[in-house]
Structure formats: structure tokens, C-alpha cells
Amino acid sequence: MKIATFNINGVKARIEGLTHWLQDSAPDVALLQEIKSVDDGFPRQIIEDLGYNVATHGQKGFNGVAILSKLPLEDVTRGLPGDDADEQARWIEATVVGDTAVRICCLYLPNGNPAPGPKFDYKLAWMDRLHARAVALLAEEMPALMAGDYNIIPQAEDAARPDAWREDALFRPDSRAAFRRIMNLGFTEAFRSRTAGPGHYSFWDYQAGAWDKNDGIRIDHMLLTPQCADLLRDCSIQKEVRGREKPSDHVPVWVDLAA
DNA sequence: ATGACGGTCCGAGACCGA
């Protein structure tokens, strides 16, 4: 089962590139972030016509997540538990049954800038809720993953210019510690379990020629429960997508599971 | 040092992102 996470940066603006990508790369499951669309505005029919089931959790203008799957989506739930007053659409999960059932969580973690400030507080509070969901997910003892745009640069080697990010919410010590606290519950970060060293990024800013200079950061991650890590065959970043026509500023990150 | 880029809301320019 090939699963990709992809911050699409506006599904309506990106629909042509998205459909090309679905056809040429053919993920079994695609997790999308920043669809920037309400559920009714999502180009559902176009994607269903390509053979995908679609589950969305959208909102007007910003944020929004979706799961596309060639296999049926079961037990879909929307919203990260822990704050009923939180109206931001950043979390959706579903079960996909291939050779074995996999619980798949698609997340768009808050950016948190400027830091410090209320947006940074929201990011850290959201990560506390993510930690709680992660604990519950591990207790299920089933293959599961939490994947998406974490808006976290885990280590200095995950940025071309780490010093430029020292004060940024993506790289501040509090952010990285919150990420480690979740990792340390027992998750496997798929990419780093397979590939060491610097120079591997999943985001390049549109500005200042970041792509041309390979001035990127690695902020899109896939965290696997132990039962899921046992199924891991491969993990890769599909860098070339950033060079396509009218690209998102993020690229897809993939896992191949024996599932 | 600043702005650069891009999407969404709309129907100009603010807001958000990273």
C-alpha cells in the first residue's frame, strides 16, 4: 500500500497538477493538507472519476484536510479531539483495509508564527492534543500512522539554512521538544528511519528563488506506530514535483507499506 | 533592510502561510 502526504496549497488552484500527479504517481492513499476549501467546494467528482474515494474536512478560505483512497474509507472521523471550541479544520482520520487494516491520520499542524504569541500558544496546545491522540492510537496496538504537514523542522540538518529559522515557530526549541515528546512515545519517523544526512527537504518557499537554490526545509512527516513500522518497505520524498507547472510549495512524501 | 510569492476571500486589498 503506497501512501503519500501532500500539502497541496489550495486544491482548486492546484486541481490540474493534482490530477496529473494522481495519474502518474498513483498513490493508493493520498493525504492532502491546505485544501483551502469547504467540503462542498472540493472537486470531488474529478477525483472520484480517477478511482478514488474522497473524505474531506474543509473550512472556508484556509486550512482543510482530505483523504483520497482507492480502497474504501472506513470509520472516518474529523477534528482533533481535545478542544470542542477549535473550529480549524486540521485533522481527519480513516481506516483503509488492504492486506491488513491501517488507521490513517491526516494532519495539518498549525504554523505558529509569530512566536511568541497567541498563534504559537495555539500551536503548542494543538501539539498537546496531538500527543493525547497519539497515546490513544498507540494503545490500539494496530498499524497506524499520523502523517501530514507538521510545520516542524526536527533537526538542523532538515533545513538548508538552520540559522535563519532559529527564532521561527517551525524550529524553536519548544516546537521541536513537543515533536520529540510525541516521537518518544514510540513512533518511527518514516523518512529518517531510511535516510540519514542533510539536504532532504519537503518545502521550498515561492520567494527569493528558494527552489532554484535548494533552500528548503523538511516539515512534512509520517509517524508510524510500531505495528505500522513493521510493515514499512520504503519512504521517499518526491522532490521533482516542486519543479512542475504551477506547483505547491510542498512536495509529496511517500511510504510503501506491506499492507 | 526590504520585498519578493501565492491562495482565498472577493471583486480591492487584507489575511494567511513558512
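Note on naming: letters A, B, ... go to the chains in the order of the sequence lines (proteins, then strands), and numbering restarts at 1 for each one. What you are looking at is a predicted structure, and each value in this text was computed from that prediction instead of being measured. Because only heavy atoms are used, hydrogens play no part in the values below, and waters and symmetry mates are left out as well, while side chains stay in.
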Exercise. Of the nucleotides B:dC5, B:dC16, B:dG6, which has the atom closest to the A:R14 side chain?
Worked result: B:dG6
For this session: From the options B:dA4, B:dG17, B:dA18, select the nucleotide whose nearest atom is closest to the side chain of A:Y206.
Result: B:dG17
Problem set entry | Separation of atom NE2 in A:H250 from atom C1' in B:dA18, rounded to whole Å | 7 Å
For this session: Calculate the interatomic distance between A:Y150 atom OH and B:dA18 atom C1'; express it in whole Å.
Result: 18 Å
Problem set entry | Spacing of the C1' atoms in B:dA12 and B:dG7 (rounded, Å) | 16 Å
For this session: Please determine if a side-chain N or O atom of A:K36 lies less than 4.0 Å away from the OP1 or OP2 oxygen of B:dC16.
Result: no
Exercise. Within the pair A:N111 and B:dA18, is there a side-chain N or O less than 4.0 Å away from OP1 or OP2?
Worked result: yes
For this session: Look only at the side chain of A:S25 and the backbone of A:P27, and say whether a donor-acceptor pair between them is shorter than 3.5 Å.
Result: no
Exercise. Taking the six-membered ring where the residue is Trp, are the ring centres of A:W91 and A:Y108 under 6.0 Å apart?
Worked result: no
Exercise. Would you say a side-chain N or O of A:K12 is under 4.0 Å from OP1 or OP2 of B:dC9?
Worked result: yes
Exercise. Roughly how many Å is it from CG in A:D249 to C1' in B:dG7, rounded to a whole number?
Worked result: 10 Å
Problem set entry | Closest listed nucleotide, where the reference is the side chain of A:F62 and the choices are B:dA4, B:dA18, B:dC16 | B:dC16
Exercise. If you measure from the C1' atom in B:dA18 to the same atom in B:dC5, how many Å do you get, rounded?
Worked result: 12 Å
Exercise. Is there a side-chain polar atom (N or O) of A:N113 under 4.0 Å from OP1 or OP2 of B:dA18?
Worked result: no
Exercise. Are A:R166 and A:F171 in a cation-pi setup, meaning NZ or CZ lies under 6.0 angstrom from the ring centre and within 45 degrees of the ring axis?
Worked result: no
Problem set entry | Whole-Å gap separating C1' (B:dA18) and NZ (A:K213) | 15 Å
For this session: Scan side-chain atoms only and decide if A:S202 and A:R218 contain a donor-acceptor pair under the 3.5 Å cut-off.
Result: no
For this session: Determine the Euclidean distance between corresponding C1' atoms of B:dC9 and B:dA4; express it in Å to zero decimal places.
Result: 22 Å
For this session: Using a 4.0 Å heavy-atom cut-off across all strands, classify A:N151 as base, sugar-phosphate, or nothing.
Result: sugar-phosphate
For this session: Determine: side-chain N/O of A:R90 to OP1/OP2 of B:dG17, distance under 4.0 Å, yes or no.
Result: yes
Exercise. Touch check for A:D149, heavy atoms < 4.0 angstrom, all strands: base, sugar-phosphate only, or nothing?
Worked result: sugar-phosphate
Exercise. Has A:N7 got a side-chain N or O lying under 4.0 Å from the OP1 or OP2 atom of B:dA18?
Worked result: yes
For this session: Counting heavy atoms from C-beta on, name the nucleotide in B:dG7, B:dA18, B:dC9 closest to the side chain of A:K60.
Result: B:dC9
Exercise. If each of A:Q207 and A:V11 is mapped to the nucleotide of DNA chain B with the nearest heavy atom, which maps nearer the 5' terminus, i.e. the 5' end?
Worked result: A:Q207
Exercise. Strictly under 6.0 Å, is that where the ring centroids of A:H221 and A:F191 end up?
Worked result: no
For this session: To the nearest 0.5 angstrom, please state how far the OG1 atom of A:T56 sits from the CD1 atom of A:I67.
Result: 10.0 Å
Exercise. Which whole-number value in Å describes the distance from A:D163 CG to B:dA18 P?
Worked result: 22 Å
Seminar exercise, completed: Comparing A:L170 with A:A208, nearest DNA chain B nucleotide closer to 5' gives the residue A:A208
Exercise. A:N63 has an atom CG; how far is it from atom P of B:dC15, in whole Å?
Worked result: 17 Å
Seminar exercise, completed: In whole angstroms, the gap separating P of B:dG17 from CD1 of A:I35 amounts to 15 Å
Problem set entry | Reference residue A:Q33; test side-chain hydrogen bond (donor to acceptor under 3.5 Å, both in side chains); the match among A:D149, A:N7, A:T5 | A:T5
Exercise. Using a cut-off of less than 4.0 Å, is there contact between a side-chain N or O of A:K246 and OP1 or OP2 of B:dC5?
Worked result: no
Exercise. Between B:dC15 and B:dG3, how far is it from one P atom to the other, in whole Å?
Worked result: 16 Å
Problem set entry | Any A:Y108 side-chain N or O less than 4.0 Å from OP1/OP2 of B:dA18 | yes
For this session: Rounded to whole angstrom, note down the C1' distance from B:dG6 over to B:dC10.
Result: 16 Å
For this session: Could you state the atom-to-atom distance from CH2 of A:W204 to C1' of B:dG17 in whole Å?
Result: 17 Å
For this session: Answer with base, sugar-phosphate or nothing: what part of the nucleic acid does A:F203 contact at a heavy-atom distance below 4.0 Å?
Result: sugar-phosphate
